[in-house]
Amino acid sequence: MSGSNQKPLEVPEQSEGNEQGSPQWGEPKLSSDRTDFNALPEFAKLPKANSRHKQDHAALAAEFNKDEPRVDWHDETLWWVRQKRDKAAARVPEWELLRDTASRIKDNVLSNLSGYLRQFEEEATRNGITVHWAADANEHNEIVLSILSRHKIDKMVKSKSMLTEECHLNEFLHEKGIDVVDTDLGERVVQLAGEPPSHIVLPCIHLKKQEIGEIFHEHLGTPKGNADPQFLTHAARLHLREKFLTRRVALTGVNFAVAETGEFVVCTNEGNADMGAHLADVHIASMGIEKLIPQRRHLGVFLRLLTRSATGQPITTYSSHFRRPRQGQEMHIVLVDNGRSVHLGRKDFRNSLKCIRCAACFNTCPVYRRSGGHSYHTAVAGPIGSILSPNLDMKKYADLPFASTLCGSCSNVCPVKIDIHEQLYKWRQVIVQEGYAAAGKTAVMKTMNWVLSHPGVYHTAGKTGRWFMLNAPFTVKNGFNTWYRQRDMPTPPKQSFGDWYKKNKK
Amino acid sequence: MRVGLFIPCYIDQFYPQVGIATLELLEKQGCEVVFPPEQTCCGQPMANSGFEHLTKGCNDLFIKNFEAFDYIVAPSGSCVLHIKEHIHDPASQKPPEAASSDRTDISALPEFANFPTAHSRHNIPGKIFELVEFLTDVLKVDKLEASFPYKVGLHQSCHGQRGLKLAQMSELMAPPFSKPQQLLNLVKGLQLVELDRKDECCGFGGTFCVFEEAISVKMGKDRVADHIRHEAEVITASDMSCLMHLEGILRRQQSKVQIKHIAEILNARL
Amino acid sequence: MNESSNTATRNSRDKILNTVHGNQPAPRELPPLPEGTPVAPGDLAPTFITALEAIGATAYIVSGFDRIATMLHEQFPGARRIVTGCPQLNAFAEAAAAAKGLDPHLLENVELAILPAHFGVAENGACWITETQMVERALPFIAQRLVLVIPHSSIVPNMHAAYDRIAALEAEAPANTYGFSTFIAGPSKTADIEQSLVLGAHGPISLTVFLLDEELSDAGYF
Ligand code: SF4
């Protein structure tokens, strides 16, 4: 291989706008004797680090990583939860069989969801529950508002419900002058802090106890500087008891709804769903339509898996089965679609609807643990959020399927065996096909692919290692700065393996 | 048996000694090893970035180079997994179907019409092996003339481990095993160190390493720290891409810890 | 809800059901349910008690309600308001009848609630209690401390057996067909602040479970 009499290297034109068009072979752009990569015109076109959207996962994660000790703390806290999960699962000899069974029950649910929804509606109605249907987030919020308005009530308590986060119910009701108090301790903390939850099971896992102490000092009047979890929890208990006793409407989420009996199950450790529901005149339960299971005995499978996967507990403190309203009480169920029925039609992605929101995939995810929940800029973060969110808004969440190394740990911990990492890979294909990939990335990929499909070009691209430094995925993007900023480059050897082979073997 | 040697592009360009070790190792085991000179890349870097539809060229080239061999062996679990799962079959190329309205059914996309992966005539998915599994499962190697008197930390590269199942995964409640460890145990003088997190990802992840630089580097630093904490002198893996990333971090930290591909260790004579 | 939003809901219902129906995949069979490996053979009570203790509760095997009353006297000497759903303890506490049908808010100052439950689950320490046993739905949650009484012989190995048992209970007596019921496993708790476990989040700060074994002589256990 030599640099002197080599013919100029052709590369496809790096067209930024035309992402699906066939490559056109343009003028030579590279020659092997240029060495200042950053000065190359090719790189002028590429996005500078993190310049694409200020709000994409990479940029938000980089922000989070400015405080490395905090990242370590976040990572270790969640890794500890993952280890608790491992220990709890190891105590169940039939663990893998349970996962398999849960996955197959959910396959059955998805294959007959319309039937189970009808059956559930009929049974729940027979039990005296009012069933509502909401096509989207807005309709869900309007239904809740209409129930409140009918009772002329402007205050309510709410227990944990990721669905209402997805629907931005709090913001909606706040605008209408309704006061909503989140009663899960972690959710109350983030609510007082004016932030969304960063984790679906541990909503304020991103906050340190000192910060929570500060928030409580400011909003609940606890003594400044007191950051003792026992003390703060007790302060919240007193603060929230007053809310439970004075609110007449309680909204809860739903973990499972049983088609056979028309009942629904809510799992909490704190007892906040029950405190709210049993003290209120009106209980509203909001659920995504995928939360159904066929029969009550299937709960045995899911309740064995849910909390062991989530926190390593054998079961939550309370697994409450609501079948009929209490005497004199109204009970409402809002069945929410919000994109789920469409998602169901996506063969490669429908399995994500099996999710039981245990967050095991969060806790095991090496990226989540180091980027924090807010870097996903969506209600459900983590690996599962990265495959659910593009369904809701492909453009806005085009970055999320790329926020993964595809290591596959998530799919292995998932109690319903969702092929999470494979769906991440497939979403990447769809997002690129739909034209949501960054232009610079597309250009790079096309060039790289073209060279790699042409061995002649590949082998004459320059000195050993030379072509690679310009084109390999780990060296492109603003020269190789993003590789080089915190990592050294491998030193190119004197000869490539191909060269060695030619000399020594052929 | 005739073995086609697939040397992934970055090994060819940056780590020729890994290719050499792989070749020698296989020859010592009595294989007839051929390196088809026109090979380049498996296509994974593009595919994992969402550009699988561009990789037909790479795929065709791969098939042309390798379909005639009894076995194809590569010192990279990641590339092997990609080929196994995504190589297409030119013999079964269907005409593009009428555009599906469902843009999320990948197989319905016209761009993917020629990507059925399951059973292809060239049977490349059935005869391609990552080096370690080729040694343990096909050649059934149970002794090696190798010696490497160092404390070694084994990095379990995810695609090899979780994709090709080279070792039991810590997430699953199932009996432990490890094919790379099985081989390393045959090396004289080698002492494996225990890690706190025995199969956490290093953060390389293809283009992830540049597009998510902050997390990628942090993951790499944490992996390296785990090995160093347990006094590893050498970090090994069956995937050079992970090691390249870890090496970049080690060198930047001016650490004395070395990286070695598992082929280099299994082929080491001191 | 007014007329117009009713119509909207109905439209959404049909729309959702139609889309779901059109998009759902081909039928998939339900799998057989595992029975679960028994945690330990024979007497399940020790396993149940170990599970309970691991989740922050206390358990005692007792010979009868007299014994329970004595122990509660010793353990909660200062409790001002005690409500029970066990008629055998009416002399000791406010009877269910008095509290039943009350505005649940009036239970706010209950310091101790003593309630019967149907059975316990060995694998996780949970007790199954149905509405009729609770006096009021709110009581097991709003009381500062909770005591549950279950038959010693009632422990089932795991959650699969638990749901079989629930079905059997309903078949036995229509009264067991609950409008509300719950598994209670330990005192109310949270670990939301830096994963530090704190007992007594919103509900009871302690849970005591008595395993009632009428065959037992009073002598042995304490
Ligand atoms: S995807 Fe699986 S692991 Fe993740 S939250 Fe859902 S059920 Fe849990």
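Each chain gets a letter, A, B and so on, in the order its sequence line appears, and its residues count up from 1. Below, all heavy atoms of this structure are taken into account, side chains as well, without hydrogens, waters or symmetry copies.
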Flag the one option from B:A47, B:G205, B:C201 with the top tally of heavy-atom pairs under 4.5 Å to chain A. B:A47
Measure distances from A:Q423 to the heavy atoms of chain B and classify the residue's part below 4.5 Å as side chain, backbone, both or neither. neither
Portion of A:S411 that has a non-hydrogen atom of chain B nearer than 4.5 angstrom: neither
Part of B:R162 lying under 4.5 Å from any heavy atom of chain A: side chain
Can you tell me which portion of B:L250 sits under 4.5 Å from chain A's heavy atoms? Options are side chain, backbone, both or neither. neither
What part of B:Q254 gets closer than 4.5 Å to chain A, counting heavy atoms only: side chain, backbone, both or neither? neither
Identify whether the distance between the nearest side-chain nitrogen and carboxylate oxygen of B:R197 and B:D226 falls below 4.0 Å. no
Option in B:A174, B:S157, B:S241, B:C158 with maximal non-hydrogen atom pairs under 4.5 Å from chain A: B:C158
Taking B:E130 for the side chain and B:V73 for the main chain, is one N or O donor matched with an acceptor at less than 3.5 Å? no
If we ignore angles and hydrogens, is there a donor and acceptor under 3.5 Å between the side chains of B:E264 and B:Y15? no
Aromatic contact, B:F208 with A:F402 (centres under 6.0 Å): no
Determine, for A:R369 against A:D75, whether the closest basic-nitrogen to carboxylate-oxygen distance falls under 4.0 angstrom. yes
Please tell me whether A:Y376 and A:H57 form a close aromatic pair, meaning their ring centres lie under 6.0 Å apart. yes
Residue part contacting chain B, namely of A:A403, when any heavy atom lies under 4.5 Å: both
Which one of A:Q83, A:R85, A:R82 has the most heavy-atom pairs closer than 4.5 Å to chain B? A:R82
Centres of the B:F14 and B:Y10 rings: under 6.0 Å? no
Which heavy atom in B:H261 sits nearest to a heavy atom in B:P75, and how many Å separate them? NE2-O, 2.9 Å
SB check A:E63 A:K66 (cutoff 4.0 Å): yes
If you take all heavy atoms of B:V3 and B:C31, which pair is closest and at what distance? CG2-CB, 4.0 Å
If I measure from the heavy atoms of chain B, does A:L406 come under 4.5 Å with its side chain, its backbone, both, or neither? both
With a 4.5 Å cut-off on heavy-atom pairs, point out which of B:M173, B:E200, B:K221, B:Q161 contacts chain A the most. B:M173
Between A:S375, A:P366, A:G408, which shows the greatest number of heavy-atom pairs under 4.5 Å with chain B? A:P366
Between B:M169, B:E247, B:H245, which residue shows the highest count of heavy-atom pairs closer than 4.5 Å to chain A? B:H245
Of the backbone (N, CA, C, O) and the side chain (C-beta and beyond), which part of A:N65 lies under 4.5 Å from a heavy atom of chain B, both, or neither? side chain
With a 4.5 angstrom heavy-atom cut-off, which part of B:L246 approaches chain A: side chain, backbone, both or neither? neither
B:V33, part contacting chain A, at a heavy-atom distance under 4.5 Å: backbone
